[in-house]
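Everything numeric in this text was worked out from a predicted model, so none of it was measured.
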Amino acid sequence: MASKKVSAAAAKANDFVDFLNASPTPYHAVHSAIQRLTAAGFTEIKERDSWSSTLQPGGKYFLTRNASTIVAFGIGCKWKPGNPIAMIGAHTDSPCLRLKPVSKKTGAGFMQVGVETYGGGIWHTWFDRDLSIAGRAMVKDGKGNIVQRLVKVDRPILRIPTLAIHLDRSTNFDPNKETELFPIAGLVAAELNRTGNKEDKGEVEETDQSFRPLKALTDRHHPYVIEIIAEHAGVSAEDVVDFEMVLYDTQKSCIGGINNELIFSARLDNLGMTYCAVDGLISSLSSPKALDNESSIRLIACFDHEEIGSLSAQGAAGNTLPAVVRRLAVLPSLHDSGSDKSYEKISKDGDFDVATAYEQSLSASFLISADMAHSVNPNYAGKYEADHRPEMNKGTVIKINANQRYATNSPGIVLLQEVARRAKPSEDSTTSHGVPLQLFVVRNDSSCGGTIGPMLSAALGTRTLDLGNPQLSMHSIRECGGAYDVEHGVRLFESFFNHFSELEPKILVD
């Protein structure tokens with residue numbers, strides 16, 4: 001029997017599921033993005049290096065900060081200093097539990113692990129899940145250097161047990177985050193058997209050479225945890241210097257629903273929009289001639305730390321995007337890029353007016369703040385504004401808030417509507433063009449979430465619009481989204497990059 005052809009939307013959804021399963025932490029998400037960008041012909045650059053002789057119109061590049069934030073861009077061949085930049089911003093982090101600096105705990109014969117809450121998770125959903133750890137370890141490389149290694153332990157090693165209903169008949173389940181959220185890692189007796197029935201003697205006896213500013217890792221964490229991290233980092237336990245590990249659910253992301261129309265997964269918020277941003281940029285540059293007639297720069301920025309306010313070096317409230325845009329805004333155009341002129345020489349020679357190029361670029365640029373949106377929940381429909389109830393697989397959601405919790409305004413909606421109208425049809429359709437859009441506002445008696453949109457709009461002075469694909473159970477350990485919305489998001493972002501340069505000068509405000 002001939003195999004049934006997989007639809008383009010289903011193929012995109014399955015590719016997204018693979019991205020999710022490979023990305024339990026921001027470090028892994030950035031690594032996954034790097035693999036895709038590199039395969040698409042992007043070149044890595046470093047913030048610490050000069051870009052004057054590296055970046056060329058027609059080139060595709062990416063950089064990272066802290067290995068948890070990534071910026072990627074393609075430079076139009078008709079670029080000139082001060083021209084617009086088409087930008088999409090997303091974030092790579094999600095609410096989770098993170099191992100404490102001293103995580104070693106025991107209680108009632110159990111080995112336990114101390115964890116710290118990160119972001120605003122729905123913590124009761126973390127109970128009775130098959131959990132493991134992932135993150136990065138800083139290790140000795142044998143050459144006198146300390147390097148980063150990604151760690152992802154695939155097997156379940158941790159669990160946060162609920163209390164049996166027979167021992168607590170309370171109707172509300174609101175666990176204390178400091179005393180009732182500690183995972184169990186195993187039994188003390190089993191660990192003693194594994195190590196030869198040696199009782200834990202506490203601090204490691206100091207060797208003749210060393211003064212330790214901090215206690216040894218094996219004093220701060222269960223030794224077997226260190227051994228597991230070392231094994232997955234490809235080094236010996238003695239070579240692990242420090243690490244940042246979070247808990248994640250080992251149940252894999254998957255396609256679900258009666259008609260395979262749903263995605264069940266952790267971290268949809270916000271790997272959903274990170275994936276669409278990366279794939280949308282790559283798709284817009286897939287043709288070898290994609291940048292030949294482009295006068296703008298096409299850029300994505302996927303930040304860490306959005307779930308805790310973005311106020312960090314690698315967060316959206318840091319200087320990552322302003323610093324990158326400032327350097328890009330003064331890039332020389334193609335006819336001069338082959339010369340030996342540096343930025344300084346160009347400025348002094350007066351060939352370009354670069355003194356205000358940064359401000360000119362910001363005023364003409366546009367930023368899409370891409371963060372997952374709320375789908376209507378049929379069991380709680382009354383929690384949504386009656387005329388603004390987004391549905392899954394009905395298109396990307398424009399988010400609006402009069403109090404500027406979202407940065408959307410009318411000129412942005414005008415632009416996005418035209419971008420959506422011009423989007424190429426799905427490969428599954430021979431007739432329908434465009435990408436459907438939906439609108440969302442919260443009820444007047446409801447709180448409203450926030451995004452990176454308002455903070456970046458205020459910092460840059462750039463026109464900004466907030467949007468996202470709809471999902472259920474946001475900030476749960478297991479969320480739900482629409483399988484067809486993945487392709488919607490990718491096609492919308494591809495169209496944004498393809499048509500921005502033409503549309504930008506036609507929407508007149510100032």
Side-chain angles (χ1 to χ4, degrees), residues 33-34 36-45 51-63 70-88 276-301 324-343 346 351-354 357-358 360-368 415-416 418-427 433-435 462 490-507:
I34 289 173
R36 292 165 183 267
L37 292 166
T38 302
F42 284 70
T43 301
E44 183 175 13
I45 57 175
W51 296 351
S52 58
S53 60
T54 304
L55 270 56
Q56 303 289 337
K60 301 183 290 187
Y61 308 92
F62 71 88
L63 62 97
I70 187 166
V71 180
F73 53 89
I75 306 169
C77 289
K78 295 187 176 180
W79 166 264
K80 293 181 180 179
N83 273 14
I85 302 177
M87 300 180 282
I88 297 175
C276 290
V278 171
D279 204 56
L281 177 64
I282 291 173
S283 297
S284 79
L285 299 175
S286 59
S287 168
K289 298 182 178 181
L291 293 169
D292 286 0
N293 294 312
E294 178 62 82
S295 60
S296 300
I297 291 175
R298 304 176 183 183
L299 180 148
I300 62 169
V324 170
V325 171
R326 185 179 295 278
R327 297 172 76 169
L328 294 180
V330 298
L331 280 175
S333 54
L334 183 61
H335 65 277
D336 284 305
S337 62
S339 71
D340 61 354
K341 292 182 178 181
S342 67
Y343 294 135
I346 288 171
D351 293 337
F352 300 100
D353 180 15
V354 297
Y358 175 62
Q360 286 176 271
S361 284
L362 290 180
S363 66
S365 298
F366 194 89
L367 170 69
I368 290 178
L415 173 66
L416 196 73
E418 187 59 24
V419 165
R421 188 184 70 80
R422 294 188 180 199
K424 69 181 184 183
S426 170
E427 294 178 19
H433 287 71
V435 172
T462 295
V490 172
R491 288 196 291 123
L492 180 65
F493 291 167
E494 180 183 0
S495 180
F496 170 67
F497 286 129
N498 285 337
H499 299 294
F500 172 75
S501 293
E502 178 189 351
L503 294 173
E504 187 277 325
K506 296 180 179 179
I507 301 173

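Contact of the Val278 side chain with the Ile70 side chain is not registered, since no non-hydrogen atoms from C-beta on lie closer than 4.5 Å. Residues Val330 and Trp51 are not in side-chain contact: their nearest non-hydrogen atoms beyond the backbone lie 4.5 Å or more apart. Residues Leu503 and Phe366 are not in side-chain contact: their nearest non-hydrogen atoms beyond the backbone lie 4.5 Å or more apart.
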Give the C-alpha distance, both sets of side-chain angles, the deciding distance and a yes or no for side-chain contact (heavy atoms from CB on, under 4.5 Å) between Trp79 and Ile85. CA-CA 10 Å; Trp79 166 264; Ile85 302 177; 4.2 Å; yes
Checking Phe497 against Ile88 for the side-chain contact (heavy atoms from CB on, under 4.5 Å) test, could you report, in this order, the C-alpha distance in whole Å, the side-chain angles of both residues, the deciding distance, and whether it holds? CA-CA 9 Å; Phe497 286 129; Ile88 297 175; 3.6 Å; yes
Check against side-chain contact (heavy atoms from CB on, under 4.5 Å), Tyr358 and Val325: CA-CA 7 Å; Tyr358 175 62; Val325 171; 3.8 Å; yes
side-chain contact (heavy atoms from CB on, under 4.5 Å) between Ile34 and Phe42, worked out: CA-CA 9 Å; Ile34 289 173; Phe42 284 70; over 6 Å; no
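To the nearest 0.5 Å, atoms CZ (Phe62) and CD1 (Ile300) are separated by 11.0 Å. Distance CE/Met87 to OG/Ser361: 9.0 Å, rounded to 0.5 Å. Atom CD1 of Ile297 is separated from atom CG of Asn83 by 8.5 Å, given to the nearest 0.5 angstrom. For the atom pair Asn498 CG and Arg491 CZ, the distance stands at 13.0 Å (nearest 0.5 Å). Here the CZ atom belonging to Phe500 is positioned 9.5 Å from the CD1 atom belonging to Ile368, to the nearest 0.5 angstrom. Remark: Glu502 CD to Ser295 OG distance equals 10.5 Å, nearest 0.5 Å.
Looking at Ser296 and Ser501, their side chains do bring a donor and an acceptor atom within 3.5 Å of each other.
The nearest pair of heavy atoms linking Leu331 to Pro81 is O-CG, 3.2 Å. For the residue pair Pro57 and Gly76, the shortest heavy atom distance occurs at CB-O, 3.5 Å. The two atoms that bring Ala290 and Arg298 nearest to each other are O-NH2, 3.6 Å, heavy atoms only. When every heavy atom of Gly58 is checked against every heavy atom of Leu291, the shortest pair comes out as O-CD1, 3.7 Å. Residue Lys80 comes nearest to Ser333 through the heavy atom pair CG-CB, 4.1 Å, listed as atom of the first residue, atom of the second, then distance. The two residues Lys60 and Ala40 have their closest heavy-atom pair at NZ-O, 2.7 Å.
At distances below 3.5 Å, not a single donor-acceptor pair connects side-chain atoms of Thr43 with backbone N or O atoms of Tyr61. Put simply, the side chain of Ser363 gets close to the backbone of Gln360: a donor and an acceptor are under 3.5 Å apart. With hydrogens and angles ignored, the 3.5 Å screen pairs a side-chain donor or acceptor of Ser286 with a backbone N or O of Ser283.
Classification of Arg421 and Glu418 as a salt-bridged pair holds, one side-chain N sitting under 4.0 Å from a carboxylate O.
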